[in-house]
Q: 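The structure that follows is given in the form of structure tokens.
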Amino acid sequence: MKDSMKDYPLKLEGDNIPMVRFQNVTKRYGDLVVLDHLDLDVQEAEMVTIIGPSGSGKTTVLRMLMALEKINDGVIYVEGQPMTHMVKDGTLTMADNKYLRQQRMNIGMCFQHFNLFPHMTALENCIEAPVQVLGLSKKDAIARAEDLLDMVGMLEKAHEHPSRLSGGQQQRVAIARSLAMRPKIMLFDEVTSALDPEVIGEVTQVIRKLVSKHNLTMLMVTHQMGFAREISDRVCFFYDGKIEEQGSPDELFGDPKSERTQQFLSAVLEAN
Amino acid sequence: MFDWRWEFVLDILPRLVKATGNTVLAALLGYGIAMVLGLVFALAQRTPFPLLNRAVRECVEFIRSTPLVLQIFFVFYVGPQFGVMLSPWTAGMIAIGLHYASYLSEVYRAGIDSVPRGQWEAATALSLNPVRTYSRIIIPQAIPTAFAGMGNYLVGIFKDTPMLSVIGVAELMHTANAIGSEHYRFLEPYTLVGLIFLLISLPTAAALRKTEAKIRRKLGLRSL
Amino acid sequence: MTYVEFLKVYGPQLLEGSATTGMQTLLAAALAIIIAVTAGLMRLSKNRFVYGAATVYIEIFRGTSLLVQLYWIFFVLPLFGLTLEKFTAGYLAVGMNLGAYGAELVRGGILSVPKGQWEAATALSMSPAKRMVRIIFPQAFLNMLPPWGNLLIELLKGTALVALISVADLMFVARKINGSTYMSAQAFGSALLIYYVMSRAVVTPFMRWLELVMARKLGRA
Ligand SMILES: Nc1ncnc2c1ncn2[C@@H]1O[C@H](COP(=O)(O)OP(=O)(O)O)[C@@H](O)[C@H]1O
Ligand SMILES: [Mg+2]
């Protein structure tokens, strides 16, 4: 593995550097290959949606980018700089924790189960990292958090603990919490899957707002095909740790080429 | 058959009450040591060095599975063998502090383990460093789980202080023994010691249970 | 004197003491189990008197120290005309004390069996006793085995206190050797090691094995 690192540039150069590049990324759990030599570029301000059957590696893509899992092979670049690796003595070596913490500041992530800190109020959740990590004054952090809570429609509940909020409300706070770090990239992992049907809309509405008003680069895993079609610049269909097919929403949903994509889409449509 | 003498009780009560102060002091001092050392033991099992983790784990197991009274003797007598004299109080506090530190480290460990993985990941995703992740996110959530165990061991250490009498710490049991052998009467001193323990440990346990519920409410966690 | 020489001279005494500790542990454990099951079931009774009696017992034994209880049983009970041999007083005190803690484990274990199991047994017209013995208790037993492992180690450690009423157990022997040789590290150190081996090489593996056997029996392994 050491030798093959020579195949990867120390940083991406030239015009049109993608915001995110997965280059030849492989992830294994024991013998199970979850991501299989994945290549994927995401351009700045692009909204890329990942769909695919359960277990196909969608979550893993996001977790690898957030460096919540160790990479087995390949390199992930963010803004042209290696994310999973760092340059040491002119070669790429595994990133250490300090470097990863630095790099992660560019990325925000929202989880299926929100993962709000239960012992903190909505507002406290949103100011924790800005104060502790970015070094913002408490006053500035609160101002920023209140703006964001207002944006997601949760300002009224700013002083409630998560246990007193509905799932949809918790997820909106979680989105505000991520945005408070002013990330350039946002990751959404099935943020509506744990929600009751009637509150899904309040969360998708927030994401819609983000797409129209902000210049964020976004990667979203979802099972809501209608929403994906409406909002994405590009859709990737994952199968077995690989991108089976990708294209614009109209191409992928309107005229899927691969048989597996067709099967998946018709199965999902039937279920709805 | 009942030869209970109230005058004798009144006679010895002041001495026992005074000794109760020492008992409570010993319990609190020992517990303070145990709380700090216990955290050291717990965190030392979560370092990135497997060998260190393993060594600390074995030490904790050893201390936990051997009798406290024997450890008290060990600490008190082994020092002088190598030219280090320890007063009964010092030896007693070291022994009981270490013993309960090993218990508390397990309580802390269970508390930390009870925090869901998503909380670690959310902290990581927000770039919080390990110190902040522990101090602001993980430990505050571990406390409600750990609190019940910590409370049990606070009452536990209090009830174990009579063992300090074996090396001459002048706590309740030691005083009761002294009274007993001075007056050749054991009924009253031993019974009173038992009553004093009940009078302190039962309300303390009840108060701890109440506090636990309060903490959970305060942290916005659901009650168990 | 090297440690090997020390062991040659004092090893047999230490082993003899260990045997006494083993006996005390076994007898105290048997007593603790009987008390725990009885008091634990009584704590589940709807009869206020039965429930109250068990509660008083448990609170008294958990609210005071084992050492106090031991001294009380050995030095005070004779005043009530009940003189016990020191060996008997030893395991009696330890067993009664740990039995009170065990009672709460039994109660918790039984309450941990899902309500549906009680209802299913009732629906099959089982008598309350049958239901408890055949359906509830076996499941509760498996649930409470892990905490019982810890309790038995506490019990083993608790028996060290019987040395203070001169039962010639391991602790007693260690003190005796210390008193006559001043080789404190060797005497107390050896005893600590033996207690450790008894806990980790006897009690813990035995409990693990029992858990495995029970789990298999109940089809959960
Ligand atoms: N920590 C892990 N250990 C072992 N296998 C895992 C782990 N995490 C995920 N997997 C496996 O990796 C595969 C892909 O998982 P995931 O990315 O979560 O799929 P998706 O999000 O598409 O449903 C699945 O087969 C899953 O069982
Ligand atoms: Mg997933």
Q: Just wondering, are more than 12 heavy atoms of other shown residues or ligands nearer than 6.0 Å to CZ in B:Arg46?
A: yes
Q: Answer yes or no: is there a donor N or O on one side and an acceptor on the other, between the side chain of A:His161 and the main chain of B:Arg217, under 3.5 Å?
A: no
Q: With only heavy atoms counted, which part of A:Leu187 is less than 4.5 Å from chain B, the side chain, the backbone, both or neither?
A: neither
Q: As a quick check of understanding, evaluate salt bridge (Lys or Arg N to Asp or Glu O under 4.0 Å) for B:Glu121 and A:Arg63, giving each step before the final call.
A: CA-CA 10 Å; B:Glu121 292 181 349; A:Arg63 294 173 59 85; 2.6 Å; yes
Q: Can you establish whether the number of heavy atoms outside A:Leu32 located under 6.0 Å from its atom CG is more than 12?
A: yes
Q: Could you give the distance from CD (A:Gln103) to OG (B:Ser127), rounded to the nearest 0.5 Å?
A: 9.5 Å
Q: What part of B:Arg132 gets within 4.5 angstrom of chain A, counting heavy atoms only: side chain, backbone, both, or neither?
A: side chain
Q: Which residue in the set A:Met105, A:Glu128, A:Arg177 passes side chain to side chain contact (heavy atoms under 4.5 Å, CB included) when paired with B:Leu126?
A: A:Arg177
Q: Can you tell me which portion of A:Phe111 sits under 4.5 Å from chain B's heavy atoms? Options are side chain, backbone, both or neither.
A: side chain
Q: Closest heavy-atom contact between A:Phe117 and B:Ala122?
A: CE2-CB, 3.9 Å
Q: Is any side-chain heavy atom of A:Leu68 closer than 4.5 Å to a side-chain heavy atom of B:Thr124?
A: yes
Q: State, to 0.1 Å, how close B:Gln119 and A:Leu116 come at their nearest heavy-atom pair, and which atoms those are.
A: NE2-O, 2.7 Å
Q: Please check if the number of heavy atoms outside B:Glu58 that lie under 6.0 Å from its CD is greater than 12.
A: yes
Q: Pick whichever of A:Met66, A:Met109, A:Gln102 has the most heavy-atom pairs under 4.5 Å with chain B.
A: A:Met66
Q: Do B:Pro140 and A:Met120 have side-chain heavy atoms sitting under 4.5 Å apart?
A: no
Q: A quick test of your reading: do over 12 heavy atoms of other residues, nucleotides or ligands sit less than 6.0 Å from NZ of A:Lys157?
A: no
Q: Looking at chain A, which one of B:Gly118, B:Pro116, B:Pro130 has the largest number of heavy-atom pairs inside 4.5 Å, strictly under?
A: B:Gly118
Q: Within this structure, what is the CD-CD1 distance for the pair A:Gln132 and B:Ile137, rounded to the nearest 0.5 Å?
A: 8.5 Å
Q: To the nearest 0.5 angstrom, please state how far the NE2 atom of A:His113 sits from the CZ atom of B:Arg117.
A: 11.5 Å
